[in-house]
K.L.:
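Please find one structure pasted underneath; my questions will follow.
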There are 2 protein chains.
Amino acid sequence: MPNYDILTKSPVFRGLNSEQLSDCLRTVHIQMKSFRKDNLIVNAGEKVNQLYIIQKGSVRGEMLDYSGKVLKIEDIEAPRALAGAFIFGKSNVYPVTVTANNDVELLSIPKNEFLKLMQKEQTILINYLNDISTRTQFLSNKLHFLSFRTIRGKIAHYLMQESGSNSNTVELKHTQQQLAELFGVTRPSLARVLGELQREGLIVLGRKNIVINEKKRLSQLLEKD
Amino acid sequence: MPNYDILTKSPVFRGLNSEQLSDCLRTVHIQMKSFRKDNLIVNAGEKVNQLYIIQKGSVRGEMLDYSGKVLKIEDIEAPRALAGAFIFGKSNVYPVTVTANNDVELLSIPKNEFLKLMQKEQTILINYLNDISTRTQFLSNKLHFLSFRTIRGKIAHYLMQESGSNSNTVELKHTQQQLAELFGVTRPSLARVLGELQREGLIVLGRKNIVINEKKRLSQLLEKD
DNA sequence: GCAGTTTTGTAACAAATGGTACATTTCACA
DNA sequence: TGTGAAATGTACCATTTGTTACAAAACTGC
């Protein structure tokens with residue numbers, strides 16, 4: 001029941017066609033796993049012994065601090081790979097708790113079987129290197145983001161990043177609550193700072209977007225943080 | 001002038017002997033580079049087109065926020081590899097500024113040459129996967145660490161991590177200033193909280209160590225943060 | 001269009017941290 | 001052993017954020 005058409009679009013198998021992929025996968029032991037919405041897929045701290053590739057649905061990675069408070073790290077959607085960077089490495093342990101956002105199907109490939117695949121297909125090797133490297137870069141960005149001390153700084157950085165160089169409007173895909181979790185701050189604090197920035201004329205708050213009035217002054221906020 | 005004896009101890013070339021390594025490296029184009037103490041090796045934002053392996057000395061990776069304030073990320077010493085995870089991936093750009101801690105010699109291998117090496121020597125491939133995976137795990141830890149809101153939480157987490165499960169003494173390898181940078185807080189604030197924790201009887205501050213008196217209460221701090 | 005739910009705006013106060021300054025202690029080394 | 005530099009302890013106040021609470025506005029499903 002692996003869907004080769006979908007899986008060939010995964011970062012790991014990209015560049016192969018369905019036939020090539022099914023030929024490859026026939027030579028190794030694989031397994032399909034299913035999860036329902038909000039099911040726990042992996043708990044932080046579990047050992048990683050296989051590569052998971054999402055064939056259907058989307059999952060979220062969250063970090064739980066000791067009080068159970070949630071810091072959301074990211075969403076991963078089909079057909080991306082899960083925890084690719086944690087199969088190898090020293091501690092082979094999931095750093096985040098992974099939960100299903102909706103109905104999810106995973107392709108599971110044991111570590112040593114996946115090694116065989118990479119030895120066999122150079123395309124998979126290069127893809128895999130690209131994938132974990134991209135993940136590392138994502139973490140690095142996240143780290144950079146969290147390094148802003150103030151909420152103003154985080155907002156400024158977020159808006160500058162989301163708006164790109166040409167546009168002055170940022171479409172919001174998240175509620176304030178979700179944004180606050182992303183920033184690692186409380187919702188009222190975020191709302192307060194957003195309100196301040198609006199009163200100061202830097203931005204205009206819409207329901208589902210934010211218009212940047214003065215990009216220069218906004219970027220100056222970054223320099224003070 | 002590559003030193004094969006040292007390089008075989010690098011995470012990337014581990015498992016090969018000097019002869020095997022020199023044979024490998026003879027088939028590709030490599031280059032040696034030298035830097036003096038506090039020389040800039042790579043600026044954050046530069047493109048990554050080669051793998052650097054430190055043959056001699058140590059370097060530090062630092063993130064500069066826009067005001068020029070320094071957030072130290074890590075030290076990397078010979079014979080580890082540098083920015084291994086950023087050769088591949090989407091944005092091929094250094095996330096941190098790399099500076100020499102002392103006199104440094106680097107082995108530089110262009111990206112496509114390094115690909116050849118991995119195709120040729122499976123040992124190098126597996127080593128490389130382990131290396132970048134370990135780096136990702138390091139970043140993930142760092143992220144977890146920074147997610148603690150309060151200084152108390154960061155101190156508690158740091159001490160619990162450093163002391164391990166048996167010992168109650170943490171040897172300090174850093175000054176307060178260095179620790180403060182590691183934590184992303186100011187030095188006086190760190191000193192204040194350390195003082196508070198001592199007054200509350202949780203820890204005893206020494207010049208070059210910290211003794212944990214009540215491990216239970218310390219771990220409870222983590223739950224409140 | 002209405003009722004219930006979610007999202008947003010905002011206020012008042014508490015808590016935590018930053019910035020700055022300075023005295024004291026420790027360290028390095030001449 | 002003495003001296004200058006570095007590290008540490010601490011105090012004061014400003015700033016930022018958290019916490020809690022509540023009202024208004026916007027959505028949702030009927």
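Note on naming: letters A, B, ... go to the chains in the order of the sequence lines (proteins, then strands), and numbering restarts at 1 for each one.
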K.L.:
Nearest to the side chain of Thr150(A), which nucleotide is it out of dT17(D), dA11(D), dG18(C)?
P.N.:
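When the side chain of Thr150(A) is considered, dT17(D) is the closest of dT17(D), dA11(D), dG18(C).
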K.L.:
So, is Arg149(A) close to the dG18(C) phosphate, meaning a side-chain N or O under 4.0 Å from OP1 or OP2?
P.N.:
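True: Arg149(A) side-chain N/O within range (under 4.0 Å) of dG18(C) OP1/OP2.
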K.L.:
Do Gln178(A) and Lys173(A) have side-chain heavy atoms sitting under 4.5 Å apart?
P.N.:
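Side-chain contact under 4.5 Å: no.
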K.L.:
Consider the side chain of Pro188(B), meaning its heavy atoms from C-beta on, and name the nucleotide among dA21(C), dG18(C), dG18(D) that approaches it most closely.
P.N.:
dA21(C)
K.L.:
Whole angstrom is fine here: how far is it from NZ in Lys208(A) over to P in dC27(D)?
P.N.:
6 Å
K.L.:
Nearest-Å distance, CG (Leu172(B)) to P (dC27(C))?
P.N.:
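Distance check: Leu172(B) CG to dC27(C) P gives 13 Å.
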K.L.:
Using a cut-off of less than 4.0 Å, is there contact between a side-chain N or O of Gln178(A) and OP1 or OP2 of dT7(C)?
P.N.:
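No, Gln178(A) has no side-chain N/O under 4.0 Å of OP1/OP2 on dT7(C).
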K.L.:
Classify Arg192(A) by what it touches in the nucleic acid, base, sugar-phosphate, or nothing, heavy-atom distance under 4.0 Å.
P.N.:
base
K.L.:
What integer distance in Å separates Ile151(A):CD1 from dG18(C):C1'?
P.N.:
15 Å
K.L.:
Only one of Leu82(A), Val104(A), Leu107(A) passes side chain to side chain contact (heavy atoms under 4.5 Å, CB included) with Tyr52(A); say which it is.
P.N.:
Leu82(A)
K.L.:
Quickly work out the Gln198(B) CD to dT8(D) P distance and round it to whole Å.
P.N.:
14 Å
K.L.:
Given dT10(C), dT17(C), dT8(C), identify the nucleotide with an atom nearest to the side chain of Arg199(A).
P.N.:
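Selected nucleotide (nearest to the side chain): dT10(C).
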K.L.:
Can you check the Phe148(B) CZ to dT17(C) P distance for me, whole Å?
P.N.:
13 Å
K.L.:
Check whether the side chain of Arg187(B) and the base of dG9(D) form a donor-acceptor pair under 3.5 Å.
P.N.:
yes
K.L.:
Measure the distance from CD on Glu196(B) to C1' on dA11(D) and round it to the nearest whole Å.
P.N.:
13 Å
K.L.:
Would you say dT7(C) has OP1 or OP2 under 4.0 Å from some side-chain N or O of Gln177(A)?
P.N.:
no
K.L.:
Starting at atom CZ of Phe183(B), determine the distance to atom P of dG18(C), rounded to an integer number of angstrom.
P.N.:
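One finds 12 Å between P of dG18(C) and CZ of Phe183(B), rounded.
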K.L.:
Evaluate Arg14(A) against Asn127(A) for side-chain hydrogen bond (donor to acceptor under 3.5 Å, both in side chains), listing each step before the verdict.
P.N.:
CA-CA 7 Å; Arg14(A) 181 181 300 150; Asn127(A) 282 344; 5.7 Å; no
K.L.:
When the distance from CG of Leu179(A) to P of dT7(C) is rounded to whole Å, what number comes out?
P.N.:
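Roughly 12 Å, once rounded to whole Å.
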K.L.:
For Ser189(B) and dT17(C), is the shortest distance between a side-chain N/O and OP1 or OP2 below 4.0 Å?
P.N.:
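It does not, given that no N or O in the side chain of Ser189(B) lies less than 4.0 Å from OP1 or OP2 of dT17(C).
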K.L.:
Below 4.0 angstrom, N of the basic side chain to O of the carboxylate: do Glu181(A) and Arg187(A) qualify?
P.N.:
no
K.L.:
Checking all strands, does Thr186(A) fall into the base, sugar-phosphate, or nothing category for heavy-atom contacts under 4.0 angstrom?
P.N.:
base
K.L.:
Begin with the C-alpha distance, continue with both residues' side-chain angles, and end with the deciding distance and a verdict on ring-ring contact (aromatic ring centres under 6.0 Å, His included) for Phe183(A) and Phe148(A).
P.N.:
CA-CA 10 Å; Phe183(A) 287 16; Phe148(A) 288 103; over 10 Å; no
